[in-house]
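Worksheet for the structure shown next.
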Amino acid sequence: EKNGKDYFFVDIQKFKKLIKKKKFLEHAKVFKNFYGSLKKDVIDKLKKGENVIFDIDWQGTNQIKKKKLNFKIITISFNNF
């Protein structure tokens with residue numbers, strides 16, 4: 001995993017500031033770590049006609065489903081492990 005390619009790593013204080021500024025489309029704290037998808041990055045890709053695939057947990061999925069986005073959202077859930 002490379003910073004700026006696979007992920008963008010920021011410290012916890014910056015992450016919390018981004019949450020307060022509502023910069024995330026979704027975010028969650030999982031196993032003592034924070035994860036999120038920046039709204040601008042995702043929306044920019046969707047506006048270009050690109051598909052965006054998330055590999056996120058139920059917390060992030062629920063947040064995205066509650067947003068009033070003008071894009072089609074398809075979810076796949078694996079509940080029976």
Side-chain angles (χ1 to χ4, degrees):
E1 298 172 344
K2 294 183 181 179
N3 190 24
K5 182 177 185 244
D6 304 304
Y7 296 98
F8 295 95
F9 299 102
V10 297
D11 62 37
I12 292 172
Q13 289 141 344
K14 181 167 183 171
F15 197 95
K16 288 181 178 181
K17 286 180 186 176
L18 291 168
I19 291 171
K20 285 183 183 179
K21 291 181 179 181
K22 300 188 185 296
K23 296 292 184 179
F24 290 108
L25 184 61
E26 60 81 28
H27 63 86
K29 183 176 181 184
V30 182
F31 302 118
K32 298 182 183 179
N33 292 305
F34 290 89
Y35 299 91
S37 304
L38 290 171
K39 191 182 321 181
K40 183 181 180 334
D41 293 347
V42 173
I43 299 300
D44 286 351
K45 288 181 185 295
L46 292 171
K47 285 182 177 177
K48 291 179 186 175
E50 296 179 32
N51 293 320
V52 177
I53 299 173
F54 291 91
D55 180 9
I56 56 178
D57 73 351
W58 62 272
Q59 297 173 84
T61 302
N62 286 342
Q63 290 174 42
I64 291 173
K65 288 164 100 175
K66 290 178 183 176
K67 306 261 191 239
K68 302 293 183 205
L69 302 175
N70 292 325
F71 302 98
K72 185 174 183 177
I73 298 172
I74 299 170
T75 62
I76 300 170
S77 177
F78 298 99
N79 294 330
N80 299 324
F81 284 101

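This structure is a prediction, so every number in the text was calculated from the model and none was measured.
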**Asked** Partners of Lys32 by side-chain contact (heavy atoms from CB on, under 4.5 Å), sequence neighbours excluded?
**Response** none
**Item:** Co-members of the apolar cluster containing Ile74 [side chain, <4.5 Å]
**Value:** none
**Request:** Output every pair passing side chain to side chain donor-acceptor pair (under 3.5 Å) with a member in residues 66-76, not counting sequence neighbours, ordered by first then second residue.
**Result:** none
Just distance, no hydrogens or angles: give the donor-acceptor pairs under 3.5 Å from side chains in residues 14-26, sequence neighbours left out.
unit_1	atom_1	unit_2	atom_2	d
Glu26	OE2	Ser37	N	3.3
Glu26	OE2	Ser37	OG	2.6

**Prompt:** Can you name the residues that form a salt bridge (Lys or Arg N to Asp or Glu O under 4.0 Å) with Asp44, not counting sequence neighbours?
**Reply:** Lys40
**Message:** If the condition is side-chain contact (heavy atoms from CB on, under 4.5 Å), which residues does Phe71 pass it with, not counting sequence neighbours?
**Reply:** Ile43, Leu46, Lys47, Leu69
**Prompt:** Other than Phe31, what residues sit in its cluster of Ile, Leu, Val, Met, Phe, Trp and Tyr side chains whose heavy atoms are under 4.5 Å apart, directly or through others?
**Reply:** Val30, Tyr35
**Request:** Give a yes or no on this: more than 12 heavy atoms of other residues, nucleotides or ligands lie within 6.0 Å of atom CG of Asn51.
**Result:** no
**side-chain hydrogen bond (donor to acceptor under 3.5 Å, both in side chains) involving Asp57 - partner list, sequence neighbours excluded** = Gln59
**Message:** The criterion is side-chain contact (heavy atoms from CB on, under 4.5 Å); which residues satisfy it with Glu50, sequence neighbours excluded?
**Reply:** Lys45, Lys48
**Item:** Nearest heavy-atom neighbours spanning Gln63 and His27
**Value:** NE2-O, 2.6 Å
**Message:** Would a single hydrophobic cluster contain both Val10 and Phe34, if residues Ile, Leu, Val, Met, Phe, Trp and Tyr are joined by side-chain heavy-atom contacts under 4.5 Å?
**Reply:** yes
**Message:** Count I, L, V, M, F, W, Y as connected when their side-chain heavy atoms are under 4.5 Å apart, and connections chain through other members. Are Trp58 and Phe54 then in the same cluster?
**Reply:** no
